[in-house]
Every structure is written in C-alpha cells, then in structure tokens.
Amino acid sequence: MAGDAIAPVGLTGRPVYELRGVSKTFARRNVHALDKVDLVLREGTFSAIIGPSGCGKSTLLKIMAGLQPPSSGSVVLEGKPVMGPRRDIGMMFQQATLFPWRTTLENIVLPIEIRDGKAAARAKYDEARQLIDLVGLKGFENVYPSELSGGMAQRAAICRMLITEPAVLLLDEPFSALDELSRDFMNMELQRICLERNATAFLVTHSIPEAVILSDVVYVMSPRPGRFVEAITIDLPRPRTLDTMADPRFGALVHRIRSLLDQGAFQ
Amino acid sequence: MAGDAIAPVGLTGRPVYELRGVSKTFARRNVHALDKVDLVLREGTFSAIIGPSGCGKSTLLKIMAGLQPPSSGSVVLEGKPVMGPRRDIGMMFQQATLFPWRTTLENIVLPIEIRDGKAAARAKYDEARQLIDLVGLKGFENVYPSELSGGMAQRAAICRMLITEPAVLLLDEPFSALDELSRDFMNMELQRICLERNATAFLVTHSIPEAVILSDVVYVMSPRPGRFVEAITIDLPRPRTLDTMADPRFGALVHRIRSLLDQGAFQ
Amino acid sequence: GTQITVVLPNPSAINNFPLYVALGEKMFDKEGLQVKVEAVDGSSQVLQAMSAGQAQIGQPGAAPVLAARARGVDVVFLYNHFAKSVFGVVVPEKSAIKTPADLKGAVIGVGTADGAEVGFTRAILTDLKMEEGKDYTFLPVGDGGLAAAAFLRGDIKAYAAAVSDAAIMETRGIDLREITPEQYLSYFGNGYAVMRSFMDQNPQAIEKFGRVLVRATEFGLNPANRDKVMQHTKAGNPQEGEDTKLSTALFEQVKDRITPADTSKGWGYQPPEHWELWHKSAVASGILKAPLPDLKAAYTNQFVESWNKGAK
Amino acid sequence: MHAQGATVHGDVAAEAVPEQTIWAEHVSWIDRVPRWVSMLALMIGFLAVWQIIYLIELISPIILPSPLETIQDLFVVGKNLLTGDYMLLALWITTQEVLLGFIIAVVLGFALGVLVGETAFGERAVMPYLVAINTMPKVAFAPLFVSWLGFGIGSKVALAAFIAFFPVIVGTAAGLHAADQNARMLFKTMGASRWQTLVQLKLPTGMPHFFSGLKNAAVLVVVGAVVGEFLGGGKGFGELIRVAAAQLNTPRVFSLIIYLSLLGLATFWIVAWMQRRFVFWHKESVAEETLAQ
Amino acid sequence: MHAQGATVHGDVAAEAVPEQTIWAEHVSWIDRVPRWVSMLALMIGFLAVWQIIYLIELISPIILPSPLETIQDLFVVGKNLLTGDYMLLALWITTQEVLLGFIIAVVLGFALGVLVGETAFGERAVMPYLVAINTMPKVAFAPLFVSWLGFGIGSKVALAAFIAFFPVIVGTAAGLHAADQNARMLFKTMGASRWQTLVQLKLPTGMPHFFSGLKNAAVLVVVGAVVGEFLGGGKGFGELIRVAAAQLNTPRVFSLIIYLSLLGLATFWIVAWMQRRFVFWHKESVAEETLAQ
Ligand SMILES: Nc1ncnc2c1ncn2[C@@H]1O[C@H](COP(=O)(O)OP(=O)(O)OP(=O)(O)O)[C@@H](O)[C@H]1O
Ligand SMILES: Nc1ncnc2c1ncn2[C@@H]1O[C@H](COP(=O)(O)OP(=O)(O)OP(=O)(O)O)[C@@H](O)[C@H]1O
Ligand SMILES: [Mg+2]
Ligand SMILES: [Mg+2]
C-alpha cells in the first residue's frame, strides 16, 4: 500500500514545495521520527496529512517550515532550498498564541514588525484591518486577546499568518482546541479564505472528516517512523459546505481513510 | 419548537432522574444561566445534550450532581431530592484529573477511600482491577499517571467513576480533549460499558455525531438562558459502530440537529 | 581649610562631648579645620574606614589598634580620649558581691567573646589568682537590651560593661553597683588615632585638631557651660538629647572617665606603662599571636605638649 | 440499553417530588464579616494580649514596652515627622537609600538574570556562584562597602542592593523561561533574531515573574538599608533605631520599627501597583493578590 | 482551488533541487564547554581579579584579604574542623540552630500558611499583618528572644525561625490555591469533607510551592542563626566571625563565611533532595533546577 503507488492522479499545476527523501532522527533520544518522505505540493491545492499520534506529522511540518533541519533529504520551496525560517511560509498551530500585551491589530502585524520594523508594521495596519474584516473580527481590532473567545483568537491567528502574504500555509491542527461547532465553522472560513487567495495549504489533523472536507489530497501516514502510506484524492466539488458531510461519497471517503488508519495501527 | 412539544415518544422505563422547573441565576454577575428545565431520565437510557457554548450545559450537570443548588425548581434522583453530592452519581469531566501522586489503581479507588476509608478502598482493589481490564488498561495498574497517554487517563477516569457503581453517569464533554481518532474509539468503549452495566447516562457534548452515535435521545439547548428546544429520539439500532456513521439515517439526524442549532444561534 | 573626617565607633554624642562642643562652638572653624563626624559600629570598622582613606582621624580602642598594626596597618594612637578605662565590672545593687574577689564561681557577662572588656576583666581576676573556666566564666551577651535581659533573667551575676551601658541601665531602673578596683582604670579607653602617612604629611592639622579638643574639653568640664554642652551634644544626636535624665547621667560618667588620674601630663597623654598593660592583655587573649616588636610605634605623645600649651 | 429513553414534562413520576427540595449555599458567618472588622478585631486582640503580658510583668519594660507607651511614642515620632524635624530628615535619607538601592538591585539583578536565563554559560556556570553568594550572611560585607563608598548613603545603598538583588535575578531568569514552546516556535517562524525574541517575547512573558522578584526585593531593600545604617553609621532611620536601642528606649525602638515597616509596605505597594499598571494582562493568583492587598 | 494537488515522488520539478540542502543545527561553542570547565574558568578569573586588586593595594588588607591568604585560612579552618577542634564545636552549635530553626519555621509557617490559604479570615485579616511583620528589620527583636529564651541556642533558633518562616507561609498558601477547579469539583462530587480535600487534594497539589518556600527558608535560616549569634553571643560560627572581624582577621572572616555558605548550600540541597524524593511527580522548571543544581 505504501511507496511508489501513492501518487494521486489528476493533479497538475506549478510545484511550490518539493521534498525528497526527508528523514529525521532525534539523536538525543534516538527517536526515528520520519522515514524518507517525498512530497510535492502544487500551487493552489489544499493537502492534509493524517496519522496516529506521535507519527511525526508536526516534525514534518517543522522541517518544511525551516524550524528544524532534516537529518537527510532536501526541502525546496519556490525553487530555493529551505535553510531556515522564510517569509514566504505562513504557519499556524493548535494554540492561537496571541500575545496578551498586544491588541488584536498589533498581534496581527507582529510578523511584519519582526521582519521590517515598527514603521513597516504601521504601514500594514490598513491591510490588517481588511484581513480582520475577512475573518469576521470587525470591531475587535483594538481589544486585547483576553477578551477574545477561542475561535476569535484563532481567527486573529489566521490574519497574522496571512499578513505576510505567504506562498504556502502550513497548518498544524489549527482548530483542534476549539469545540466542534466552532471548528466546523472555522474550517468553512478557512476554505473560503484559501479559495479567495488561491493559497497553497498543508494541514495536519487528527480528524478524518476535517481532512476530507478541506482537502484535494489526503495523505495517510504510518506510525513512527512516519512515512506516507497512501495519498487519497478527494474529488468532491468545491466550494464544499457542512452539508457535504451528508453526501454518501463523503461518508465513503471517511470510511476508506479510517480503515487505512486502523490497518496502519497494526502494521 | 420548544416547551410542551419536546417529549420524545416511545421511551419507557423506571424514571431515575426527575428535574422540574430547574432555573439558575448567578447572583454575583447577574447571569441567567438556566431557564425552567424539565427533564426525566429513565433507567438504562443514554441521553445527550448539545448546545452552543455558554448556554448552561455544565451548570445543569452540576445542579443534577448536587454540586450547585438550583435557584428554583427541584431535582430528584431515585425518589430522593438531590441536596448535595451523592454516591449514586458518577461524574466525568473534560480533563481526566488523575492525581499524579497516586498510581492508576489508587486513583481509581479514590472515591471509595474518600467515602469509606482506606480499608474499604483496599477491599475494592479486585473490583478496580476488573474495571481496569474492562477498559483495556491491563498492565497499567501500578504506574503513575504521567506515564499514561490522554486516552488512557480518560479510561482510568471512567473506572474511577464506575467503581462506586453509580445509578447514573453524568458526563461533561468527557473525551473532547482527545484527538478525534482516540475519541471515536473511547465513545465506542463508553457505549459498550453502558450496555454491559445497563447504566443510565447523561452526556454533555459539542459534537453532533458523538451525540447521535451514543444516545437514545438528544436534547438541543438554546443559547443562554439555556432551555431545551427539542428532544430528538435516535432510533438507530444498537450496538452501533463507527460504520453507523456512514448510515444515511445517521447523516439525516446530524443534519437535523445542526439546522436546529443554527436556528438557535439566531433566535 | 583642611577637611577632616572623624569616625567614631558609636553614635553617642555625649561620649564624645568635646568633639561636639568644638563643633557647636565653631572652634574648628577658627583653626581653619573643616571637621565632619561619622559613626560606625565598633573599633574594627573605625580602623577599616581609616585604612581605606574614608576618614583621616578615628577613635578606636587600644587593642584593635594593636591588632591592626599586627596586620601591617601603620596606625598611630595620638590622643587619649578616655584616659581611664571605659569599662567597669558592675553587679546589681542588691547583689552580695562587693569586690571582684566575690566573683568566684560567677558567670560574668561581656559584650563579645574577646572584646577589650574581656581582657580587662581577665586581668583583674588573674591578679586575684582566679582562672577562667575554673573559677569564673564569661558569657557573651552583647550590649544594651541584651545585657539588661541577661541580668533580669539571672543568666549573669556581673557584667563587664562600658560605663555608658551601665549608666543607661541605671536610668532605666536596673540599679547597678560598680566593683572595679581603682588601679585597673589604667586600661584606658578609646582615643584618637591616625594613619602614620597622614601624621607625617599633616602635622599642623593634627596639632590644630588636638588643640581644639583640649580647649573644648576644658570648656565642657566647666560647670558654667553645662547647658551649652547639652545643647551641642543634642544637636549632634537629637534622639539622645531628648532624654535629659539619661544624657545627664551619661555626661557625669563620661566627665569622670576622660579625666586622667594624673592630670600633670596634660590632656591626651598616654602613659607607656598603660600601653604595656594593653599589649600584655592582647597577647594573653590571642588578639595578638605574638608580642609586637615595636609597641612604641603604636602611639606617640609628641603633640601632647603643644596641644596643652596652645589651648591656653 | 434498550429502545427506552427519557421524557420531558409532568408525568406520574413527578408526583413523588417533595415540595421543598431547594438547598441554599452555605456561607460561613466569618466569611461575611467585612475585612476591616476582622482586621480591627485581630489588632485589638493582639494589643490586649500584649497589654496583659505587660501588666503581669512577664517581661521587663526595657525589653518589651507596653502597647500604650508604644502608641504614645508612635504619636511622638509622627509629630516629629510631620513637623519636619530630625526624624523626617532621617526618614528622607533612608528613603533615598531604599530607592537607590532598589534601582541598583533591579538593574543589576535584571542584567544578571538575563545572563543566567538566556545563556547556558550563565545558567550553568554563573548561577551556582550566585546561589552560594546568596547563602552568605551579607552583613559581613558592610565594612567593604563603607571603605569603598564612604559614610554617605553610598555604602548603605550598596548593601541594600546587595541584599536585595538575588530575588530579581531569580525572577528575571524564571521569567525568561516562562514563554511556552508554541510562542517560541512562532517567533522562530517569523525569523525573529535572538534579541527580538528576548525583547518582544521572553521579557513581556516573564513580566509577572520579574515583578514577583521585584516585590521580594522591595521588602529586602528596606531591611538592607536599615542594617547598613546599623553597621555603617549615617543619619537615617536605622541609626535612630540603633541609638534608641542603645539607650534601652524600647517604646521608641518599636515605634520606629513600625514606621519602617510602613516604608517597606509602601515600596511593596508601589511595585504591586506598577505591576497592575504595566502588566495589565496578567491576573494575579489569589495568594499573590493577598500579598499585594 | 481547482482540482489540482500534489504529487509524491520524482518528477520534473525535483531536478531543480540543489545537491546540498542540509543545514545543521548550530550549537554555540560556549554551550559545548563542560560545566566544570566554565565554573573553574569563572573561579580562576575571579581569583585573578581579586589578587590583582590586592597586589595594586587598592584596598587595605584589614578590609579585603588576599585570595592566597584566604585559601590558606580555608585550610587552617578545614583542618580545625576535621580534627574536631573548637571550630567543629562552633559549627555543630550553628548547625543545631539551623536545623531546629528550620523545623520551627516549617511547622509555624505551615500552620500559618494553612490558616491563610484555607480560611477567608486568614487570607483577608491575618495576611496583611504577616506582610507588615515581614517588612520589619527582624534583628531588632533579638533582645526579646534572648530575654525569653536566654543565651543558649534557644534565642538563636527563635531568631532564625522568625527570619525564615515567611516564605514557608507564602509557599503553603500559594500551594493550597494551586489545585485547579476540576480537581476541586471532582472532590466535591466524591463528597469529600473540607479536611479530606485539604489533606488528599490541596496539600499534595501544593507540594511544589511548599517546597520552593522551604528552599527560600533553608537559606534564610542560616542567615538568621548567624545574625542571632552576632547579636546575642553564643558559641557558634557567627561568634567566630564576629571575633575574627573584631580582631581585623579578615582572611579568617572570609574563610568562615565561605564555610557558612557551604552550610547554607547544604541545607538548600537537602531540601531540594527531599523535594525530588517526595514530590517525585513534579518536574522542576529549568530555572528551579539550576537553583537546586
Ligand atoms: N525535539 C525532539 N527531541 C526528541 N524527540 C522528539 C522531538 N520532537 C519530537 N520528538 C519525537 O518525535 C516523534 C514525532 O513527534 P511529532 O510531534 O512530530 O508527532 P505528531 O505526529 O505531530 O504527534 P501528535 O499527533 O501527537 O501531534 C514523537 O515520538 C516525539 O516524541
Ligand atoms: N460560578 C459562576 N458564577 C457566575 N457565572 C457563571 C458561573 N458558572 C457559570 N457561569 C455562567 O453561566 C453561563 C453558563 O455556563 P456553563 O459553564 O454552564 O456553560 P456551558 O454550556 O457548559 O458552556 P461550554 O459549552 O463552553 O462548556 C456562562 O455564561 C457562564 O459564564
Ligand atoms: Mg503534532
Ligand atoms: Mg461546559
């Protein structure tokens, strides 16, 4: 089921991200986390990766983002090798991690401030306000994060990720700390934003329905050391809504991925 | 949609829990959390309550458990009014809250130790071991919680709830801190345990599929002040499996509850 | 004028009334000296401040001066302020102990385990053929309230104290009786000292300073000037001066102790035999590991004559 | 679990419900007493015990004054302070020492705290020495400060700072470790330099820790200034206490100490206020709040 | 987002990948130096500066001894201690004072901490007074202790305990507030009494806080015992320091202080060890670990 056979068909477009033989071993604890992962993300696609806990999903994302070096293999983004954090990558984590001493607006322009200074950040205020509108946070520009609910904080985190206009979005379980109702809602928002910006996105998740409803391709990963077991092309029409979940094709895809995971757990 | 019309039909059996006109106002912040809730739980049934965040679900559960007094109304369990915590109630929360200075086994017998002393707790060790087997934690009796994963900790919490052989189980989002794969698995475990013990259970959740797959009745609650909007009888056959989710009737029920909730949000 | 900082081992103004009278009567100004007074805690700190150059003139005790010389600090004792011992052995008024000979078997309170008062008391009792540890013991009790507590608790039968401490306890209602024999008053108390380098470079300043002290001492001892003395010392230490009963009692004690038994040599004179006493006691108590080869260098009387003449 | 379930609204079972099933939350009477009443009661009880000890002459009055004497002396000292007499001058000197000592302790403690918290060298090699220094009786170093800095407030400031700087180090270093893994990673993704991470992430995150170090320091610095005056002279409040103690004027000693403790509380409150002002996003825990009133 | 996507495995785009794209994590050389080397280097640097200060006669030897003299004296004192001479006796007395003072500080601080942490009365009415007492220069109370307890180790124990008890209160009270809402509710559902909740939930949960209070106390209690000996005589190490200081024997003062700081470190380590032993479930933060070595 693994190896060469997992290239999904029917997906074309300019490659944005290219990984070849990316492996990772944590020398200190002698943990072999990733094993020869090959991956190409094409422009404007949404891919998800799903796998058991501890299989190396977050590690893969960190390597792609240039936060950790791979033990072997190469990572290339937009033709240039990734040798450290880059401004054409936007990232989001499970926790919104807004800084309580900054207002929503100030939190959102933080990446600009870090990279180009305070003046540049101020110049981006207008753009940030547009993003705030886009995610439906209008009116909360100048409040401190303690006044935002979990979902609102994650929306602000989305804005912070988008403000640098990254070529690619890396999402590590971005909404899994939210309750399911808010989470469904945020997922639909995410789809809308990605469509609007023609963004290339790569999502780590534990939720099969979430992976299916958002993605063009879902990669299933084996337990540690993580490697792709299968790539499943999701050919449901876009834009998808929550009602798509009632679609029998949706149910079938979920079922297929679940059985792959169950197998994976006993391999 | 609300009020008298919401009694589900076709459910009979000895009433275990009876709530009449339970309201709750928090005087200090002047929050009207619950508004005249009436509820009867019958023996051996599984009911779930779903509603937007902050609508008073946890408050209702705390009142039922005798942790908080209602502002008005009455709560009767097994014919006796609830005037404080009682040993015929078992409760579980989102966090497993195992105590790190006790082994799994010691954590499980804690309620016995609190109520009847150390000797009684020791006498229950055998029973606790059986429960540990039941939830699939065999071999972890004598480890400390730091060595348990999130799902394992929640299983231990289930044992701790069951050790007192409560007449009724009150579950406040018991698995929502787990990742979805583990959560699905734990839900199936929960169903199995309830069936095995013919337990009466009442579940608070944010997840519509979770509510549907587990319950005989799902109560939909309005935003604050919380009151039941509708009771939906789930007549899917038992035992249910994860494959039940692919059942079109399942999809229809989920869809119906979702639309009720969406309405509720704008009422 | 010349700037001089004088450092004292305690903040009492009455103890050092000549200095405060001189300041109050502007006697230093007339000699062209600008004098500043500072107080630290004890002789060793006085010597440390002097050797660090923070003060030009200090008022240490004899034993610490010998200790400092042994450590290579060339400090010279110039002016014998407390010409008589500032220490006395005191017992409660109602005590059966009348003379030091009665101290057999007693616990004697001292300030610190090896303060000057220890050497002083040991000298008295050694002369009486009593042996420490066998015939009597010392108990370090500190000073002030701690010593009072020791008496009240009955932990000590006698207290080897600075006379000012005894005077304070008396005014606070603990009646004490001194049993120090006259001849032991030769263990003179604190006096003014300088570093030799300062003395060599500023003989005139020392001359002027001592002259003023002599003048102020005589001014202060004149009963007609009593109120002025009280006023100047109160300016120096207002809190001390607030309690007139106490300051009067203290003043009487201090007047007695600064007056030498033999006034013929003038104010400030240090009899070499008294230094020998201190020297012996310092060796005996271990303050000095060995006798100093040049005890004579520790003090000088070279200015005494001109001070006393000039003051007239 | 058969196809049974639950019903809502009146049916047979409901009739069994007793009329009165409401139970009210119990609030202990002691929790309903206003704060000032309990504080006053405690104070009066304390003074009463003290007065009784005095009356039955358990302790000599030159060791423990009567509360009455002490209160009288509080007024004497208060009057002296209000009329701008010598005690006000002494208080002003001590206040200067406290403020300067505090500033130095903060600057020095902060710098060392950053060294310890940010660098492996500081954490592994410097910190053990700092801990060792902290266990020394620092008063023994007073003469060193006098000989370097003279009799002015300098030497007291130095001793006060020396006694107070350690909690600032610990607070700063602990604060620098307070930022969680997520926030650090976020800064890494933004390509933040070490300096930016320090200034924009670690320092603000660590503020609550830093301030709790400051609060400890605020109390210690007063103790340090007073001990400095005990040992190194000067013209401050510590000197007044020393003189009064030497004179066995215990009511004065007690009343001066009480005023000093007000100075300590004042510095403490100022720091607590600054914290509420500048670290507005951090809610203190109940225990911390109590400390800060 | 059209029906495009991603491919896995070699294709056209992959050829553009440069051969060498591996980047290694950078570990600063200073982080790779073994701990003992950096500590030794720091020590040698410190001694060198000290020796230079001594050689250029910046400070008189009766204020700051030379490092050589001090090290020599360390051996003299060490020999005296090892041969069971009078210094060993003095050390034993001080050690007794430290241990007893510590035990009393812990018992008293714990009791008051429970009062403050468990009752509204304690928290609202008692705590402000405790804070005020903490800001007082406690040495001023030494005569009180002496008059009650005499000149034996009793009065020093009392002063040491008095100086050290406050952090225990704060640690205990903070610890009692550390149990989270969930755990409290769980105990409520089990019908636990207030006493059971205290003993089975709040105290174990609060142990890490309690122990950090103990660690502060462990250091303070040494300082307290020594200060007690400075003021109230006795036959302990503090008295040795005082005598040496009065004799201007600065090398002895310094070496005695160094041995004292070892005593302080020892009590600190004992507490840290007990914490690791008894609060086995709690992992210290990096900063705390450094303090505990
Ligand atoms: N810095 C590190 N040092 C050592 N081991 C690590 C490190 N980071 C991660 N690991 C290990 O690598 C493995 C993969 O971790 P990773 O966080 O990538 O898993 P994951 O798939 O994201 O899991 P989850 O679904 O729980 O988030 C785990 O076993 C983890 O313990
Ligand atoms: N002790 C309290 N004092 C004051 N207000 C409270 C208290 N407990 C809960 N509330 C308020 O009552 C309302 C209902 O709270 P509750 O926790 O029951 O909601 P919930 O439905 O469980 O929400 P969630 O889905 O987020 O858990 C909320 O607005 C909450 O702020
Ligand atoms: Mg992960
Ligand atoms: Mg809730």
Side-chain angles (χ1 to χ4, degrees), chain C residues 5-15 36-42 44-55 58 142-153 162 164-174 234-243 245-247 249-250, chain D residues 57-65 73 76-77 79-80 83 85-90 139-156 159 227-256:
Chain C
T5 301
V6 180
V7 58
L8 304 175
N10 65 68
S12 168
I14 303 220
N15 263 327
K36 236 174 88 205
V37 180
E38 300 288 354
V40 290
D41 190 33
S44 46
Q45 286 200 38
V46 167
L47 289 162
Q48 286 173 330
M50 288 167 67
S51 66
Q54 294 291 351
D143 50 14
L146 289 157
F151 264 129
L152 292 166
R153 287 175 50 84
S164 50
D165 285 343
I168 290 166
M169 280 196 246
E170 290 210 312
T171 24
R172 298 290 180 225
I174 301 176
K234 188 172 178 180
N237 186 336
Q239 205 174 221
E240 187 184 45
E242 265 174 19
D243 192 334
K245 192 170 144 225
L246 181 71
S247 42
L250 260 182
Chain D
E57 296 190 349
L58 211 62
I59 300 174
S60 157
I62 59 171
I63 293 160
L64 187 70
D73 209 275
V76 174
V77 174
K79 197 180 143 205
N80 196 309
T83 54
D85 207 345
Y86 69 95
M87 288 192 193
L88 186 68
L89 184 71
V139 283
F141 293 101
L144 265 179
F145 291 123
V146 172
S147 58
W148 281 327
L149 300 164
F151 304 103
I153 65 169
S155 52
K156 285 97 209 171
L159 188 66
V227 170
E229 288 175 352
F230 276 9
L231 298 174
K235 308 247 179 291
F237 235 62
E239 182 73 1
L240 292 185
I241 293 181
R242 185 175 149 204
V243 169
Q247 292 182 338
L248 296 178
N249 188 353
T250 38
R252 174 60 50 85
V253 173
F254 273 58
S255 68
L256 289 174

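Just so we're clear, the structure is a prediction, and the values are computed from it rather than from any experiment. Naming: A, B, ... by sequence-line order, numbering from 1 per chain.
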Practice task
Mind checking side-chain hydrogen bond (donor to acceptor under 3.5 Å, both in side chains) for C:E170 and listing every partner two or more places apart, or none if nothing turns up?
Solution key: none
Exercise for the section: With a 4.5 angstrom heavy-atom cut-off, could you sort out which part of C:M50 is near chain D: side chain, backbone, both or neither? Expected result: neither
Exercise for the section: Please state whether the side chain, the backbone, both or neither of D:N249 comes within less than 4.5 Å of a heavy atom of chain C. Expected result: both
Handout entry: Side-chain H-bond candidate by donor/acceptor type, C:E240 with C:S12, under 3.5 Å
Key = yes
Handout entry: chain D contact via C:S164 - which portion, at a heavy-atom distance below 4.5 Å
Key = neither
Problem - Atom of D:A142, atom of D:L159 and distance for their closest heavy-atom approach - result: CB-CD2, 4.2 Å
Completion exercise
All heavy atoms of D:L248 vs all of C:A148, minimum pair found to be CD1-CB, 4.4 Å
Problem - Residue C:Q48 versus chain D: region with a heavy atom under 4.5 Å - result: both
Problem - Heavy-atom proximity to chain D below 4.5 Å, by part of C:I174 - result: side chain
Exercise for the section: Counting only heavy atoms closer than 4.5 Å, note whether C:V37 contacts chain D via side chain, backbone, both or neither. Expected result: backbone
Problem - Heavy-atom donor-acceptor pair, C:N237 side chain to C:P11 backbone, under 3.5 Å - result: yes
Practice task
Please report the C-alpha distance between C:E242 and D:R252 in whole Å, then the side-chain angles of each, then the deciding distance to 0.1 Å, and finally whether the side chain to side chain contact (heavy atoms under 4.5 Å, CB included) criterion is met.
Solution key: CA-CA 12 Å; C:E242 265 174 19; D:R252 174 60 50 85; 3.2 Å; yes
Practice task
Identify which part of D:L256 has an atom lying under 4.5 Å from any heavy atom of chain C, answering side chain, backbone, both or neither.
Solution key: side chain
Exercise for the section: Can you tell which part of D:F151 gets under 4.5 Å to a heavy atom of chain C, answering side chain, backbone, both or neither? Expected result: both
